[in-house]
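Single-structure report; data block below.
Given the structure is predicted, the values throughout are model-derived calculations rather than measurements.
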Amino acid sequence: MNSNAFNAKRLLKQLGLLGAALMLALVAACGSDGKPAAEKPQGEQQQQAEGNGGTEQNSSEQPAATVYPLTVKDDSGTDITLEKAPERIITLLPSETEVVYAIGAGDRVVGVDNYSNYPEQAASVEKIGDMTVDVEKVASLKPDLILASVSMNSQALEQLRQLKLNVYASEPKTYAAVMDKIRQIGVLTDTQQKASEVVAHMQQVKDDVEAKVKDADKPSVFLEFSPGYTVGKGEFLDELLTIAGGQNVATGSGWYEFDAEQIITNNPKVIVYSSWFEEPNAILEGIKARPAWKEIDAVKNNRLVEVPQDPLVRVGPRLADGLTDLAKAIHPDLFQ
């Protein structure tokens, strides 16, 4: 396995971002046991009443309290029923951890994955594994709600559900779907008001960015989020790049290992790359090590911009920060 492929796998596991296609690429490159983790669009949420359960919200009114028992269908098509507001919550990936704390239910979190590094309070919570979930540990913590990803946690989902544990698995692939997920978790945890505030902030950030870039030129942009890997159509990062006022030069779909020659042909005006977990940044070093890339406009004009990695790739509240970072990278003159 070459060092770049190893580092890519290591970071992607940390971020909880491995798509199914990317996982296959890593397995082929490394002969490893990479875990599948594509994130697919948030399905339309269904809240079904059981007894007097279920709530409806008028957007102009304060969200109503959740009435339990409550049955909802998650993005895997599975119905889960909560008999009461969950008091013991476990999150299987960093984005879900960030959501729960942001909506005011952090005091109920009893377990998080090893890579949940935000907010600071998550550091002191019991760890339940990385991309490989310690199912026995999860069960021992007696959760009444587990938040997960449909694809990243696919193996654990089956095992946890066999233990009759309530797992709500989501898979958002758009900015709007991330907001929908946050609203739904607010319903599950009876923290709708705070969830609505988080979503309102995310929407405001999106509106502000769109207003600023509306009349600006849309430069071609290449995004390298891990050494040798980019993202194309069908993923939230591609949409974020478009909202931020750029045109993605990636011609593929999903998360994939790009052809360096193709990027030269596409000649992006801006290259955006994410920060790395160690210095020097392996992504930037990789860009510098491609001699032919000196002919790319972004390289010739020194339009290589680093952005923080976590907000950019986690489908939670800080995706708004990731969007802002992208917009500043593409249109620095509009975001002073």
List for me each residue that meets side-chain contact (heavy atoms from CB on, under 4.5 Å) alongside [X], sequence neighbours excluded, and say none if there are none.
| X | value |
| --- | --- |
| Val125 | Tyr101, Val109, Val112 |
| Lys206 | Tyr175, Gln203, Glu210, Ile243, Leu323 |
| Gln159 | Val135, Gln155 |

Exercise for review: Please identify each residue that fulfils ring pair (Phe, Tyr, Trp, His ring centres under 6.0 Å) with Phe222, with sequence neighbours left out.
Suggested key: Phe258, Trp293
Smallest separation among heavy atoms of [X] and [Y], with atom names:
| X | Y | value |
| --- | --- | --- |
| Pro308 | Asp325 | CD-OD2, 3.5 Å |
| Asp75 | Pro172 | OD2-N, 4.4 Å |
| Val167 | Asp74 | O-OD2, 3.6 Å |
| Val270 | Val305 | CG1-CG2, 4.5 Å |
| Pro317 | Val99 | CD-CG2, 3.7 Å |
| His331 | Ala216 | CE1-CB, 3.8 Å |

To the nearest 0.5 angstrom, please state how far the [atom1] atom of [X] sits from the [atom2] atom of [Y].
| X | Y | atom1 | atom2 | result |
| --- | --- | --- | --- | --- |
| Leu188 | Asn166 | CG | CG | 9.5 Å |
| Ile90 | Leu141 | CD1 | CG | 4.5 Å |
| Ile330 | Gln247 | CD1 | CD | 10.0 Å |
| Ser76 | Asn153 | OG | CG | 11.5 Å |
| Ile103 | Thr189 | CD1 | OG1 | 3.5 Å |
| Ile296 | Asn266 | CD1 | CG | 9.0 Å |

Does the [X] side chain pair with the main chain of [Y], one donor and one acceptor, at a distance under 3.5 Å?
| X | Y | value |
| --- | --- | --- |
| Gln336 | Pro332 | yes |
| Asn281 | Ser274 | yes |
| Ser275 | Gln309 | yes |
| Lys269 | Arg303 | no |
| Lys181 | Val315 | yes |
| Glu235 | Ser253 | no |
| Asp130 | Thr132 | yes |
| Thr97 | Ser116 | no |

**Study point:** Step-by-step side chain to side chain contact (heavy atoms under 4.5 Å, CB included) determination, Val221 to Val249
**Key:** CA-CA 6 Å; Val221 181; Val249 302; 5.9 Å; no
Practice item. Could you tell me whether the side chains of Thr251 and Gln262 share a donor-acceptor contact shorter than 3.5 Å? Key: no
Check your understanding: Between the side chains of Gln184 and Asp180, does any donor sit under 3.5 Å from an acceptor?
Key -> no
Exercise for review: Test side chain to side chain donor-acceptor pair (under 3.5 Å) on Asp321 and Thr324 and set out the steps.
Suggested key: CA-CA 5 Å; Asp321 297 334; Thr324 301; 5.5 Å; no
Practice item. Evaluate the side chain to side chain contact (heavy atoms under 4.5 Å, CB included) criterion for residues Tyr229 and Glu224: first the C-alpha distance (whole Å), next the side-chain angles of each, then the deciding distance (0.1 Å), finally the verdict. Key: CA-CA 6 Å; Tyr229 287 88; Glu224 188 167 355; 6.0 Å; no
**Study point:** CA sep, side-chain torsions, deciding dist, call: Trp255, Ser226, side chain to side chain contact (heavy atoms under 4.5 Å, CB included)
**Key:** CA-CA 10 Å; Trp255 318 97; Ser226 181; over 6 Å; no
Other residues, nucleotides, ligands: >12 heavy atoms within 6.0 Å of [X] [atom1]:
| X | atom1 | result |
| --- | --- | --- |
| Lys84 | NZ | no |
| Lys127 | NZ | yes |
| Glu285 | CD | yes |

Review point. Are Phe335 and Lys212 close enough, and set up right, to give a side chain to side chain contact (heavy atoms under 4.5 Å, CB included), and what steps lead you there?
Key: CA-CA 8 Å; Phe335 294 86; Lys212 287 183 178 180; 3.5 Å; yes
Does the distance from a Lys or Arg side-chain N to an Asp or Glu carboxylate O, for [X] and [Y], drop under 4.0 Å?
| X | Y | result |
| --- | --- | --- |
| Asp79 | Lys73 | yes |
| Asp113 | Arg314 | no |
| Lys300 | Asp297 | yes |

**Study point:** Close side-chain approach of Glu239 to Asn248, heavy-atom, < 4.5 Å
**Key:** no
Practice item. Answer whether the closest heavy-atom distance between the side chains of Leu157 and Thr78 falls below 4.5 Å. Key: no
Exercise for review: Sequence neighbours left out, what passes salt bridge (Lys or Arg N to Asp or Glu O under 4.0 Å) with Glu306? Give chain and number order.
Suggested key: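 Testing Glu306 for salt bridge (Lys or Arg N to Asp or Glu O under 4.0 Å), a comparison that skips the adjacent residues, returns none.
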Practice item. Identify, with sequence neighbours excluded, every residue that meets salt bridge (Lys or Arg N to Asp or Glu O under 4.0 Å) alongside Lys142. Key: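 For Lys142 there are no salt bridge (Lys or Arg N to Asp or Glu O under 4.0 Å) partners, ignoring immediate neighbours.
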